[in-house]
Amino acid sequence: MIRADRMAAVDANAAALGIPRKQLMESSGNAVARVVRTEVDPGSRIVLVCGRGNNGGDAFVAARFLGDYDVETAILGRPAAIGTDIARENWDALQEADLPTTTITDTIHLDGLALEDADCIVDAMLGTGVTGALREPEASAARAINATDTPVVSVDVPSGVDADTGDAAGVAVDADHVVTFHDSKPGLESLDIPVTVADIGIPEAAELFVGPGDLRGRGRAAESHKGDHGELLVIGGGPYTGAPALSAQAALRAGADLVHVACPASVAAQIQSYSENLIVHPFEGDRFAPRAVDTVVDLAAEQDVVICGPGLGSHDETLAAVESFLESYSGRAVVDADALSVVPRVETDATLICTPHQGELIKMGGETDDDWERRAELVAEFAAEIGQTLLVKGAYDVIADSDETRISRTGNPGMTVGGTGDVLAGVVGSLFTGREPRDAAAVGAYINGRAGDLAFEEAGYGLVATDLIERLQEAFEQ
Ligand SMILES: NC(=O)C1=CN([C@@H]2O[C@H](COP(=O)(O)OP(=O)(O)OC[C@H]3O[C@@H](n4cnc5c(N)ncnc54)[C@H](O)[C@@H]3O)[C@@H](O)[C@H]2O)[C@H](O)CC1
Ligand SMILES: [K+]
């Protein structure tokens with residue numbers, strides 16, 4: 001089962017793996033033709049009613065695989081309005097091949113298709129690209145199709161139906177059979193008609209490995225204003241001061257609008273000295289301790305996401321403070337470094353992303369393995385056990401929650417230098433302000449690794465954590 005936005009991401013990941021969309025369309029069209037063959041015999045009259053997007057494109061391909069049928073390919077609207085290059089190329093191929101096509105620019109031309117005399121209709125007007133109720137001429141075409149008792153094969157989803165919900169905002173095609181691609185769609189389950197799920201050659205890697213498709217949805221809304229792209233609080237510092245500053249600066253570079261740092265008064269000036277962009281909130285003492293928890297809980301309540309851990313150290317009273325904080329906090333938090341050991345034993349309503357390296361995973365009570373596939377299984381089991389999202393750093397980063405697992409393959413051995421984990425926590429925290437936990441962790445791992453790869457290109461094994469921060473924006477652009 002796959003939702004439309006995830007399908008689009010997988011589609012883009014497949015392209016990045018070297019399987020271009022046009023190849024996927026060829027496989028989709030072939031699958032449509034195969035289903036038509038199960039419905040009607042060669043020589044039968046098939047009318048393909050096509051839209052101007054890739055759903056129509058699938059049918060332009062199918063027409064080439066039905067040469068032994070009497071096929072008519074009808075496009076609704078002007079071919080010049082075809083919206084994608086791969087659909088247009090397949091339309092053009094039909095013209096070059098002198099295969100019969102018709103252009104329907106007005107609903108009165110629909111009668112000319114004699115749909116009631118066809119032996120099979122292929123509904124390729126709209127698939128996952130539908131927005132709202134069908135407009136003209138698709139609405140009239142849907143009614144004309146429904147008015148016949150000709151068998152209808154719908155491409156990907158009956159036109160007018162929302163692939164995720166199965167609902168239709170307006171008129172929708174009554175399909176007798178749906179051919180959908182790669183995986184079933186949630187909205188198809190509720191329709192009581194046969195659904196063929198066609199494999200179109202998208203490898204599992206396009207879903208398992210984080211890729212460019214996973215970066216979608218990061219666009220900034222034009223009317224956004226300060227604070228729309230996330231406010232975060234880093235709870236860190238004490239024995240160490242670099243770590244919280246790295247996490248905070250990374251969060252800013254990854255797109256957060258405002259980043260606060262709650263830290264012991266003893267290191268506040270030092271942390272502020274790293275960047276004037278950090279809003280530092282000192283609490284008394286030289287380490288995070290239970291007496292500072294109430295102040296920090298109040299600060300955290302005003303933020304979208306908390307990053308708890310960088311540089312806190314592992315003193316007993318600090319871990320007690322972390323435990324007490326998590327017991328009182330019910331928002332979103334990234335937990336990193338020494339604070340991680342608290343997570344398996346704390347009762348919390350917070351939604352956590354834990355970012356251990358493999359040693360910290362063991363300290364948390366988890367298990368690891370050098371073989372990444374075995375490690376992925378172990379991490380998924382532990383994530384389900386603790387009921388939180390895990391991002392376990394390694395040559396292959398493993399991201400898992402109780403539902404799904406992702407692997408990020410970016411990054412390089414130069415990144416074992418100190419501080420890259422703090423940068424990762426900041427990147428994940430920034431993404432967590434606008435994404436679900438697994439997605440924030442997967443994209444964060446991917447981007448951090450890409451920044452590390454860009455840094456490695458220039459500095460080799462001499463790369464340092466701040467090199468990653470400087471390359472985060474470029475890493476998003478890749
Ligand atoms: N994702 C994959 O792996 C593959 C998907 N394939 C096929 O591609 C379509 C999705 O194509 P897309 O171009 O994104 O959108 P559509 O063709 O579904 O529709 C866009 C088209 O429709 C117009 N439109 C939108 N809403 C309405 C409306 N309410 N009324 C009228 N017209 C509307 C819009 O203007 C565009 O022109 C997917 O379903 C698959 O069939 C690939 O071919 C194979 C791999
Ligand atoms: K369709």
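In listed order, ligands and their atoms are each counted from 1. Keep in mind it's a predicted model, so treat the numbers as computed, not measured.
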Presence of salt bridge, [Y] and [X], under 4.0 angstrom:
| X | Y | result |
| --- | --- | --- |
| Glu367 | Arg374 | no |
| Arg332 | Asp304 | no |
| Arg6 | Asp439 | no |

Is the K ion (ligand 2) less than 3.4 Å from an N/O/S atom of [X], whether that atom is in the backbone or a side chain?
| X | answer |
| --- | --- |
| Ser154 | no |
| Gly51 | no |
| Met125 | no |
| Pro158 | no |
| Leu126 | yes |

Residue, atom name and distance, where the atom is the protein heavy atom closest to [atom]:
| atom | result |
| --- | --- |
| atom 35 (O) of ligand 1 | Arg135 NH2, 4.0 Å |
| atom 42 (C) of ligand 1 | Asp58 OD1, 3.6 Å |
| atom 44 (C) of ligand 1 | Ser28 OG, 3.1 Å |
| atom 26 (N) of ligand 1 | Thr131 N, 3.0 Å |
| atom 24 (N) of ligand 1 | Leu126 CD2, 3.2 Å |
| atom 45 (C) of ligand 1 | Ile200 CD1, 3.7 Å |
| atom 17 (O) of ligand 1 | Asn55 N, 3.0 Å |
| atom 8 (O) of ligand 1 | Asn54 CB, 3.1 Å |

Taking [X] for the side chain and [Y] for the main chain, is one N or O donor matched with an acceptor at less than 3.5 Å?
| X | Y | result |
| --- | --- | --- |
| Arg45 | Asp119 | no |
| Asn55 | Val155 | yes |
| Glu136 | Ser140 | yes |

With distance as the sole criterion, is a donor-acceptor pair present between the side chains of Glu189 and Ser184 under 3.5 Å?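 Distance-only check passes for Glu189 and Ser184.
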Does a side chain donor of either Asp123 or Ser159 reach within less than 3.5 Å of an acceptor in the other side chain?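 The criterion, which ignores hydrogens and geometry beyond distance, is satisfied for Ser159 and Asp123.
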Please determine whether any non-hydrogen atom of Met7 lies less than 4.0 Å from an atom of ligand 1.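 Contact present.
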Measure the distances from the heavy atoms of Ala133 to every atom of ligand 1 and state whether one is below 4.0 angstrom.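 Heavy atoms of Ala133 do come under 4.0 Å of ligand 1.
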Return a yes/no value: protein heavy atom under 4.0 Å from atom 40 (C) of ligand 1?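 Protein heavy atom within 4.0 Å of atom 40 (C) of ligand 1: present.
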Check Ile200, Asp58, Asn90 against Glu26 for a side-chain contact (heavy atoms from CB on, under 4.5 Å) and give me the one that passes. Asn90
Any side-chain heavy-atom pair of Cys120 and Val153 under 4.5 Å: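 Side chain of Cys120 against side chain of Val153, heavy atoms only: contact under 4.5 Å found.
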By number and element, which atoms of ligand 1 are closer than 4.0 Å to a non-hydrogen atom of Asp11?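 Listed by number with element, the hits are 1 (N), 2 (C), 3 (O), 4 (C).
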Can you sort out which atoms of ligand 1 are near Gly127, meaning under 4.0 Å from one of its heavy atoms? 16 (P), 18 (O), 39 (O)
When you measure from the K ion (ligand 2) to each N, O or S atom of Asp123, which atom gives the shortest distance?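 The Asp123 atom nearest to the K ion (ligand 2), restricting to N, O or S, is O.
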After noting the C-alpha distance and the side-chain angles of Val71 and Leu99, does the key distance pass the side-chain contact (heavy atoms from CB on, under 4.5 Å) rule? CA-CA 8 Å; Val71 174; Leu99 288 169; over 6 Å; no
Which class fits the ring pair Phe456 and Tyr461: parallel under 30°, tilted 30 to 60°, perpendicular over 60°? perpendicular
Atom 20 (C) of ligand 1: which of Gly129, Ala8, Ala124, Gly160 has the nearest heavy atom?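 Result: the heavy atom closest to atom 20 (C) of ligand 1 is in Gly129.
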